[in-house]
Amino acid sequence: MKATFACKDIGMKCNFETEAATKESLMPKIAEHAKKAHGISTIPDDLRSKVSAAIKIKP
Ligand SMILES: [Zn+2]
């Protein structure tokens, strides 16, 4: 299984894409990127659900 996330999928003008084995292990990577690239130190709940909905799961 593979979980992938692309920043542009939540409407960001950003080419960042990341992947991990599970959605749970992908979230910290996204959080780190949000902090470094977008200055979002804590992901608010509404953004978290947006991100969660944008994550693609591939078997
Ligand atoms: Zn980004």
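All values derive from a computational prediction rather than experimental measurement. Whatever order the structure lists them in is the order used to number ligands and atoms, beginning at 1.
Under 2.8 Å from the Zn ion (ligand 1), one finds the following protein N/O/S atoms: Cys7 SG, Cys14 SG, His33 NE2, His38 NE2.
Two residues are said to be in side-chain contact when any heavy atoms from C-beta on lie closer than 4.5 Å; Lys23 and Ile57 meet this criterion.
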Pair Met27-Val51, side-chain contact (heavy atoms from CB on, under 4.5 Å): steps then yes or no: CA-CA 9 Å; Met27 284 310 282; Val51 167; 3.9 Å; yes
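In terms of the side chain to side chain donor-acceptor pair (under 3.5 Å) criterion, residue partners of Thr22 (sequence neighbours excluded) are, by chain and number, Ser25.
Pairs passing the side chain to side chain donor-acceptor pair (under 3.5 Å) check and including a residue from residues 41-51, sequence neighbours excluded, do not occur.
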May I have the list of side-chain donor-acceptor pairs in residues 2-19 shorter than 3.5 Å, sequence neighbours left out?
{"from": "Asp9", "atom 1": "OD2", "to": "Lys56", "atom 2": "NZ", "distance (Å)": "2.5"}

